[in-house]
There are 2 protein chains.
Amino acid sequence: MNNPMDSATAFCIAAVERDTGLGKDTLRVWERRYGFPKPDRDTKGERLYPAEQVEKLRLIRCLLDRGQRPSKVVGASMEDLRAMLETAEVPKASESPPGAVDGMQYVRLGRTVELAASLRQALLRQGLQRFVAETVAPLSEEVGAAWMRGEIQVSDEHAYTEQVQNVLRGAIGSFGPSSERPRVLLSTLPGEDHVLGLLMVEATLVSEGAACLSLGTRTPMADLCRAAVDNGIDVVGLSFSAAFPARQAIDRMLELRAMLPPQITLWAGGSAMRGKQKRLPGVRVVTDLDDARQALAEWRSAHGVAAR
Amino acid sequence: MNNPMDSATAFCIAAVERDTGLGKDTLRVWERRYGFPKPDRDTKGERLYPAEQVEKLRLIRCLLDRGQRPSKVVGASMEDLRAMLETAEVPKASESPPGAVDGMQYVRLGRTVELAASLRQALLRQGLQRFVAETVAPLSEEVGAAWMRGEIQVSDEHAYTEQVQNVLRGAIGSFGPSSERPRVLLSTLPGEDHVLGLLMVEATLVSEGAACLSLGTRTPMADLCRAAVDNGIDVVGLSFSAAFPARQAIDRMLELRAMLPPQITLWAGGSAMRGKQKRLPGVRVVTDLDDARQALAEWRSAHGVAAR
DNA sequence: TGTTCATTGTTGTCCTGGACAAATAATCAT
DNA sequence: ATGATTATTTGTCCAGGACAACAATGAACA
């Protein structure tokens, strides 16, 4: 199936799924419904997608991520697609850039070296907590928005994430060990890759003296529960980016709430959680980084633990 | 499908795929072939897996990861499975622990605080390059082996990875910006999550004054190529963990070699690459961290760039 | 004007069961 | 021992129908 000879010009369906992020079922049903993509077949009847169709699928994926509907874009010509990408309106254009930071231009230009230097400078100037709240958070939103507008590449966003991780993790690590309460377990669920929100929360909580145990991204719920119990955790915190379907996030939080012992507090934060408080009994929805500090204070007050 | 009421006791097939990592097709074909799992059905005929079957599937997955064959484990009873996990022989038991580091006990006991402190101490004592080669690399192998032997939890491995990341990224960031050659682009391909190998290489190269641009994990090949060209990259380095199927790794490297401009050097490293040099014309296989330094020296010598 | 709820259309996921490609083990030749 | 064949296991792919989940729209209500 994957003959190296022709794989440079044609891709099997699994390869297309990898490269475009579109599921095999979706690719097949589009072919049936919209007549595109229209792959060739090998001798055994398996689909072989020419490189140009894969390229077009990538463009389509890009537009879908920006909120377009499939019926509008699957079946359009390449010219139409490019035109749509040009005139793509961002659904809810974020407010004007938050002023203080102009690191955005470094991201745009791929100047990672200058970006890193500027971040480090801001960290020293502002201290970790303000750095996270006033520099990293708005800049990350701006990067996300720029990607939505098609102004930056996927790789630019990856590179940005790497640089911020280097700075934030260095800062988090430079805090001495804390044995204070609460002990907070942080992670994201499978399907959620975005690590920056998690790191921002960790930085904020560590600044306040909480003992954070991060498991990184994509921890299965069963492992999460076991880890929480085994490590004597007080609070489990989950992060959901805007890319995560809000409905699923709610269902999974309720499921997790039912699996965890009731004395363990459950926090949920991230864009997908905006305005979902009422639907989540037993879960503390954390709206932003300031609210995370607030939630921490609430926990300490409720459990008779003094802040530092 | 996902009624929150019963989702605590029964899971739809997508949820099982998430939780166990076993594909939907695989779950269905096992049911057909081995008679397990045997999910209930909802009113619409869709599979509903009871929690106990999911638990058993998780155990099975665990054994498969350790090299068992499905025919041996998919039909077995819970007792048999547990027994097999006990007596699981590690296929190629690694050599005795590398002496110098006893951080392993901290991982085993979930003492992340002590682990972090011990890592930082080792970093200061050894310097970044030796720290990576003599402490992080063997310890990571040891952690992987312990997981294979079932001695530690998934969450312990995640927590370990997080701690090492904090230390390594802090150290990498503390190097000033380098504008020296070569400019190295580092990443893993979709399907490869393991980030530590990548970070170890980055730390090693940065120590030698190379300019590293990391894109983190799972960069699609098209984005990788574009980023390499746009950023004037000299060398693209990919990392493959032992979990990555060697055959696929080879195919993808050849594909990538064909996509990249010939003047860009391609490096491939990681366990999946052991002893695959001969099958990869045009790719420099990097066998370990020392070899990475060697490859760097080769590049500089071939391109007339003096080492620092 | 804005917030819920029902309706309608769209879209992705799930289904069956057969087929076969790819991975692994077993066997044989060098 | 190492490398090439063959046999067996195992996971992926196929078709095309069905319908659950999701978004957009419109109606009822605060």
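Letters go in sequence order (proteins before strands), and every chain restarts at 1. Reckoned from all heavy atoms, side chains included, excluding hydrogens, waters and symmetry mates.
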Can you say whether a donor on the side chain of R32(B) sits under 3.5 Å from an acceptor on the base of dG18(C), or the other way round?
yes
Do E31(B) and R41(B) meet the salt-bridge criterion of a basic N to acidic O distance under 4.0 Å?
yes
Measure NZ/K24(A) against P/dT13(C) and give the value in whole Å, please.
12 Å
What is the distance from CD of Q68(A) to P of dT11(C), rounded to the nearest Å?
12 Å
Of the listed nucleotides dC14(D), dG12(C), dC14(C), the one nearest the side chain of W30(A)
dG12(C)
With Q153(A) via side-chain hydrogen bond (donor to acceptor under 3.5 Å, both in side chains) - residues at least two apart
R226(B)
Measuring from the side chain of S71(B) (C-beta onward, heavy atoms only), which nucleotide among dT12(D), dT10(D), dG12(C) has the closest atom?
dT10(D)
Spacing of L27(B) atom CG relative to dT10(D) atom C1', expressed in whole Å:
14 Å
Measure CG/L64(B) against P/dT9(D) and give the value in whole Å, please.
16 Å
Using whole Å, what does the distance between atom P of nucleotide dG12(C) and atom CD of E46(B) come to?
17 Å
Salt bridge or not for K44(A) and E46(A), using N-O below 4.0 Å?
no
Closest listed nucleotide, where the reference is the side chain of P70(B) and the choices are dA23(C), dA21(C), dG11(D)
dG11(D)
Roughly, in whole Å, what's the span from CD in Q248(B) to P in dG11(D)?
14 Å
Just call it for R28(B): base, sugar-phosphate, or nothing, with non-hydrogen atoms closer than 4.0 Å on any strand.
base
Between the side-chain atoms of R69(A) and the base atoms of dG9(C), is any donor-acceptor pair under 3.5 Å?
no
Listed by chain and number, what are the salt bridge (charged side-chain N to carboxylate O under 4.0 Å, His left out) partners of R82(A), not counting sequence neighbours?
none
In whole angstrom, what separates D25(A)'s CG from dT16(C)'s P?
14 Å
Walking DNA chain D from its 5' end, the first of T43(B) and R41(A) to be reached, judged by nearest nucleotide, is R41(A)
Between dT9(D) atom C1' and R33(B) atom CZ, what is the distance in whole Å?
8 Å
Test log, rule salt bridge (charged side-chain N to carboxylate O under 4.0 Å, His left out), inputs K24(A) and D25(B):
CA-CA 11 Å; K24(A) 302 190 227 300; D25(B) 272 325; over 6 Å; no
